[in-house]
Amino acid sequence: MLAQFLKDSRYTVILTGAGMSTESGLPDFRSSRNGMWNKKDPSKVASVEALNKNVEEFIEFYYKRISSLKECQPNEGHLILAEWEKAGIIQSIITQNVDGFHEQAGSRNVAELHGTLRFVHCQICKKRYPCETYIRKNYACECGGVLRPSVVLFGEMLPEDAFMRAAEESEKAELFIVLGSSLTVTPANQFPLIAKQNGAKLVIVNMEPTEFDVYADLVIHNRKIGEVLREVSLAL
Ligand code: APR
């Protein structure tokens, strides 16, 4: 059915969440088993408040995330999506992920809604550095400011250009496929509704149920994304 939807659609948009990268070895946030936010309160480590009032724990948390990122790589699901873009089967990816794996796998039309862990920048002068700076435990900018990852922290606005692109893509979609997101964080979870309101078919592929399953034309639970995409690829 998903293969047929892909064949019938002239404009297909993918929205990915942390579930896209668990098969690369990166934990997600809310999986009932080992989601990151089951052990840590995001407001204590991934918020503007944490950066300003709890900078040691903030830096420790992101030092660990950036270090684990360097040990992992895109998985088969990322590679299939990149192949589908090259073959014109899908047109764009909107991602909540900050791991950069879509681009690393070869995808080109990617809107990174929540920024990226690939870079850090200075709180004061905004100068950008590669994330390796954090791995070398250098957290200070030449100007003396604190370096922070270029991700969207809780309490911050999303990057305007990525947000606008995601909205445009969602409006153009004839088929909108969610891969690996609990759809609990706004405004990312609004894009499936925008697509639906503009006449798109909505597909949700997620291990666990989401609040948005009721709006979907097709829901696939309890299946790994990599397996689903591989199976669909064979049917295209
Ligand atoms: N295959 C299919 N689904 C999976 C897989 C997999 N291999 N691994 C995990 N999942 C599902 C989980 O069941 C979970 O519902 O992916 C979903 C991931 O949801 P979250 O952990 O909430 O991640 P996400 O939706 O991307 O979170 C959104 O929250 O913390 C913020 O900024 C952070 O971008 C993140 C945002």
Compare all side-chain heavy atoms of [X] with those of [Y] and state whether any distance is below 4.5 angstrom.
{"X": "I124", "Y": "C143", "result": "yes"}
{"X": "R108", "Y": "E85", "result": "yes"}
{"X": "T95", "Y": "F101", "result": "no"}
{"X": "V152", "Y": "P159", "result": "yes"}
{"X": "E103", "Y": "E112", "result": "yes"}
{"X": "C131", "Y": "P149", "result": "no"}
{"X": "N97", "Y": "M20", "result": "yes"}
{"X": "V45", "Y": "F58", "result": "no"}

Return yes if some donor-acceptor pair links the side-chain N/O of [X] with the main-chain N/O of [Y] below 3.5 Å, else return no.
{"X": "T133", "Y": "N138", "value": "no"}
{"X": "S31", "Y": "N34", "value": "no"}
{"X": "E23", "Y": "G226", "value": "yes"}
{"X": "Q123", "Y": "G145", "value": "no"}

Walk me through whether H102 and T16 qualify under side chain to side chain donor-acceptor pair (under 3.5 Å).
CA-CA 10 Å; H102 286 302; T16 60; 2.9 Å; yes

With the threshold set at 4.0 Å, does a side-chain nitrogen-carboxylate oxygen contact exist between [X] and [Y]?
{"X": "E132", "Y": "K70", "result": "yes"}
{"X": "E60", "Y": "K137", "result": "no"}
{"X": "E76", "Y": "R230", "result": "yes"}
{"X": "R223", "Y": "E231", "result": "yes"}

What I want to check is whether the side chains of [X] and [Y] have a donor and an acceptor closer together than 3.5 Å.
{"X": "N109", "Y": "R165", "result": "yes"}
{"X": "W84", "Y": "S233", "result": "yes"}
{"X": "T186", "Y": "N189", "result": "no"}
{"X": "E208", "Y": "S182", "result": "no"}
{"X": "S92", "Y": "E169", "result": "yes"}

F176 ring center within less than 6.0 Å of Y11 ring center
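Centroid separation for Y11 and F176: 6.0 Å or greater.
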
Hey, would you say the Y129 and F119 ring centroids sit under 6.0 Å apart?
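No, the ring of Y129 stays outside the 6.0 Å limit from the ring of F119, centre to centre.
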
First locate atom [atom1] of [X], then atom [atom2] of [Y], and finally report the distance between them rounded to the nearest 0.5 Å.
{"X": "L51", "Y": "E57", "atom1": "CG", "atom2": "CD", "value": "12.5 Å"}
{"X": "I194", "Y": "S170", "atom1": "CD1", "atom2": "OG", "value": "5.5 Å"}
{"X": "S181", "Y": "F212", "atom1": "OG", "atom2": "CZ", "value": "9.0 Å"}
{"X": "K64", "Y": "L69", "atom1": "NZ", "atom2": "CG", "value": "15.5 Å"}
{"X": "Y63", "Y": "S68", "atom1": "OH", "atom2": "OG", "value": "10.5 Å"}
{"X": "L117", "Y": "Y62", "atom1": "CG", "atom2": "OH", "value": "7.0 Å"}

Looking at every heavy atom in both [X] and [Y], which two are closest together, and how far apart are they?
{"X": "Q96", "Y": "G17", "value": "NE2-CA, 3.9 Å"}
{"X": "G106", "Y": "A82", "value": "C-CB, 3.7 Å"}
{"X": "G100", "Y": "R118", "value": "CA-NE, 4.1 Å"}
{"X": "V219", "Y": "A216", "value": "CG2-CB, 3.5 Å"}
{"X": "A46", "Y": "W37", "value": "CB-CH2, 3.9 Å"}
{"X": "K127", "Y": "C141", "value": "CB-SG, 4.4 Å"}

Please determine whether the number of non-hydrogen atoms from other residues, nucleotides or ligands lying under 6.0 Å from atom [atom1] of [X] exceeds 12.
{"X": "K44", "atom1": "NZ", "result": "no"}
{"X": "E227", "atom1": "CD", "result": "yes"}
{"X": "K53", "atom1": "NZ", "result": "no"}

Relative to F61, does K40 satisfy both conditions: NZ or CZ under 6.0 angstrom from the six-membered ring centre, and within 45 degrees of the ring's axis?
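Checked: cation-pi criterion not met.
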
Determine, for Y215 and K196, whether the Lys NZ or Arg CZ falls below 6.0 Å from the six-membered ring centre while staying within 45 degrees of the axis.
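So K196 doesn't make the cation-pi contact.
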
Find out if a path of hydrophobic residues (ILVMFWY) with successive side-chain heavy-atom gaps under 4.5 Å connects [X] to [Y].
{"X": "F163", "Y": "V110", "result": "no"}
{"X": "L113", "Y": "I93", "result": "no"}
{"X": "I225", "Y": "L218", "result": "yes"}
{"X": "V185", "Y": "V151", "result": "no"}
{"X": "L26", "Y": "L15", "result": "no"}

Among V13, I80, L81, which one satisfies side chain to side chain contact (heavy atoms under 4.5 Å, CB included) with I90?
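Checked V13, I80, L81 against I90; only one passes side chain to side chain contact (heavy atoms under 4.5 Å, CB included): L81.
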
Mind running side-chain contact (heavy atoms from CB on, under 4.5 Å) on L147 and Y134 for me, showing each step along the way?
CA-CA 8 Å; L147 297 179; Y134 251 54; 4.1 Å; yes

Yes or no on side chain to side chain donor-acceptor pair (under 3.5 Å) for D99 and S21, after CA distance, side-chain angles and deciding distance?
CA-CA 8 Å; D99 52 37; S21 298; 2.5 Å; yes

Of T210, N206, D213, which meets side chain to side chain donor-acceptor pair (under 3.5 Å) against H221?
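So, applying the side chain to side chain donor-acceptor pair (under 3.5 Å) to H221 and each of T210, N206, D213, only D213 qualifies.
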
For I59 and R148, run side-chain contact (heavy atoms from CB on, under 4.5 Å): C-alpha distance rounded to whole Å, both residues' side-chain angles, the deciding distance at 0.1 Å, then the answer.
CA-CA 8 Å; I59 285 177; R148 46 141 309 163; over 6 Å; no

For L6 and V232, what are the C-alpha separation, side-chain angles and deciding distance, and is it a side-chain contact (heavy atoms from CB on, under 4.5 Å)?
CA-CA 9 Å; L6 281 161; V232 169; 3.5 Å; yes

Report the C-alpha distance between Y139 and V146 in whole Å, list the side-chain angles of each, state the deciding distance to 0.1 Å, and finish with yes or no for side-chain contact (heavy atoms from CB on, under 4.5 Å).
CA-CA 6 Å; Y139 307 122; V146 173; 5.5 Å; no

